[in-house]
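Inspection log for the structure reproduced underneath, given as structure tokens.
The chains referred to below are lettered A, B, ... by the order of the sequence lines, with proteins before strands, and numbering in each begins at 1.
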Amino acid sequence: MFQYFLNKLATTIPTFLGISLIAFAFIRVLPGDPIMLMAGERGVTPERYEELATQFGFDRPFYIQYKDFLLNILTGDFGQSFVTKHPVIDEFLARFPATLELSLSAMFLAVLVGLPAGIVAAVKRGSWFDHTLMGISLTGYSMPVFWLGLLLIILFSSILGWTPVSGRISLLYYFDIHTGFMTIDALMSGQKGAFASAVSHLILPAITLGTIPMAVIARQTRSAMLEVLSEDYVRTARAKGLSTFRIIGLHAFRNALITVITVIGLQIGVLLAGAILTETIFAWPGIGKWMVDSIFRRDYQVVQGGLILISSIVILVNLTVDLLYGLINPRIRQTRG
Amino acid sequence: MALLEIKNLTVEFSTAHGPFRAVDNIDLSVDAGELVAIVGESGSGKSVSMLALMGLLPWTAKVTADRMALDGKELTEMPQDQRRRIAGKDMAMIFQEPMTSLNPCFTVGFQINEIMKRHLSLTRQERDKRAVELMSLVGIPSPESRLRAFPHQLSGGMSQRVMIAMMIACNPRLLIADEPTTALDVTIQAQILELLASLQQDTGMALVLITHDMGVVAEVAQRVIVQYAGQQVESRNVIDLFDTPKHPYTQALLAALPERATTQHLPSIPGVVPGQLDRPDGCLFNPRCQYAIQACRHTPPGIQNGVRCHTPLNAQGHPTDPMGLRQKEGVS
Ligand SMILES: Nc1ncnc2c1ncn2[C@@H]1O[C@H](COP(=O)(O)OP(=O)(O)OP(=O)(O)O)[C@@H](O)[C@H]1O
Ligand code: SF4
Ligand SMILES: [Mg+2]
């Protein structure tokens, strides 16, 4: 198992290097001189230009810049914003909890609905439930995120007036931030109505973001369960006279979970990509919106650092998924090393 | 009263080509402590009939029977839940593929414990103790450590021993073994059969052994049922059957044995068991039968004295003519 973990860890290193190289090259191959861009409308004097070039290291060879860039990352220095002059890592950390809260809620919804729906569809294969679910999930899967988001806003915010259109909480409430999760902080503040307000702000973005993973999880769970249900060991479980609940929920699902865990893990990358759109639609102040804003502001240092931070998170999540996969699969867990 | 009584068991699968009758009006009666073998080529409905008894067929199967009773309790009229409590307890089944029949995600100990937990009121300690005893009983060395093993760490023979230990855990009255050795090495095959036969002797449970191996039949069985294309064609005491087979199919099976009772697989008779789409009219065996007459090609034979044939064979292995059919057609 330890050996398995080390192997998985080792494979993340080339992935990380590749991503860092792409992010690094990104701002250097884009048209336009980064220093001129940074300087903005007013321009700079030639002396100031030299100064800035030296400061950012643009005057040195490419590979030395890249080496310094990597070393900086290892010390936690992801550069600083051209615009705000704040370190990229600080800006990232300030916004990350918002994205995390949104993504976790979306994932929670997706798993909460997708997993049981997939199981029931597999068990009742060919039934109207199965057909309906597969139809809905295909629609959910092919629906563009921004379109779904707008549709939800029109229906629930404009027509029904049930939910707010944007932001994380009503301006009526103000409290200290402890966790960065608005729902939890609202609860901790003890203010009446704060939690409900936070949830009502969260619900539409979470549904918007969670729909695709929900559809994928439902479909994959269904097919994994279908495969597992026809296995010999499920027949054995039935021959033992076990209850239906135990046969499906334990003997079959435990095996299907090995596949489903991987599917769920892969959805996290999809989720972060979807977060960029969702946060933009709902004006959700997370890293997705931050990245989009930075691109429009041509704040390339932020884009570069943000890309690396986001990729690192995806890599980390995938590593965790691999680890979980190893833990629930006895064939891997049992190997010594 | 017989322990197991089956009358007119029929199983039909609904398939893309319409209904397919995989088991056709089968009768089976097994006494307590008896060892009955079911023999027949692939596709003759041996597994399907026993899976129907256990209630393990998929929903595409339609099972009908005039009577299907274990220990006098009618299974077909029983509510689902009650029937589940009989499977694994009063009757149990082991399968052809031991390697895939155990759940890869759980330890051997867990899987043996679970069946006891379901059907017996034992404490955890008592179950653990019995699991160790069962493992020794089926001949697994160092049972304590094997109980902690996962199925992928076991060989095929070892897995089948675990399956046996698990399925006899609740002292079933009837054990069905569906080709329990087909997937195993030759040397292991003999060991597993020996184990099953001795367990049957010691515990007094009844054993229905589905097999391809005529040698096994001769050695361990008391009664043999020969099945062909979903029908029983001959059902006799084992000694009589080997001495004087009455059905042409049985005769062909025995004649094709190079030396009786030593082969591992059923000998081949020219032709194959008819499937869903090539069922002949009349006697299902007629395309392959050397004694077939015109009547065989349009009139299905009924069962007379345990043999399904218009012209059962006599002690010399020649067809008799109880209904004068051969005479009518002028066949000598
Ligand atoms: N789920 C199913 N749906 C449709 N047909 C089936 C199904 N299961 C079995 N059959 C058919 O029923 C017939 C009898 O199958 P069965 O498995 O009982 O044969 P068998 O005598 O056990 O053969 P073998 O020696 O190969 O195990 C075969 O023709 C098979 O194709
Ligand atoms: S009924 Fe006819 S075809 Fe069938 S086994 Fe007897 S002799 Fe052969
Ligand atoms: Mg079979």
Shortest non-hydrogen contact between B/M54 and A/A239, atoms and distance: CE-O, 3.8 Å
Residues of residues 83-93 of chain B near chain A, each having a heavy atom less than 4.5 Å away: B/R84, B/A87, B/G88
Min side-chain heavy-atom separation B/C105-A/L257 under 4.5 Å: no
B/L51 portion near chain A, given a 4.5 angstrom heavy-atom threshold: side chain
A/T244 versus chain B, the contacting section by heavy-atom distance below 4.5 Å: both
Heavy-atom neighbours of A/E227 CD exceed 12 at 6.0 Å: no
Chain A contact via B/M163 - which portion, at a heavy-atom distance below 4.5 Å: side chain
Residues of residues 112-124 of chain B near chain A, each having a heavy atom less than 4.5 Å away: B/E114, B/I115, B/R118, B/H119
Residue among A/A237, A/S230, A/G241 with most heavy-atom pairs under 4.5 Å to chain B: A/G241
Region of B/Q111 in contact with chain A, defined by heavy-atom distances below 4.5 Å: both
Straight-line distance of A/R238 CZ to B/L57 CG, nearest 0.5 Å: 8.0 Å
A/Y141, OH atom: more than 12 neighbouring heavy atoms under 6.0 Å: no
Min side-chain heavy-atom separation A/T236-B/N103 under 4.5 Å: no
Side chain A/K240, main chain B/M166, donor-acceptor under 3.5 Å: no
Shortest non-hydrogen separation from B/P104 to A/P330 and the atoms involved: O-CG, 3.1 Å
Steps toward side chain to side chain contact (heavy atoms under 4.5 Å, CB included) verdict (B/F106, A/R254): CA-CA 9 Å; B/F106 303 105; A/R254 183 64 199 270; 3.7 Å; yes
Heavy atoms from other residues, nucleotides or ligands near CZ of A/F129 exceed 12 (cutoff 6.0 Å): yes
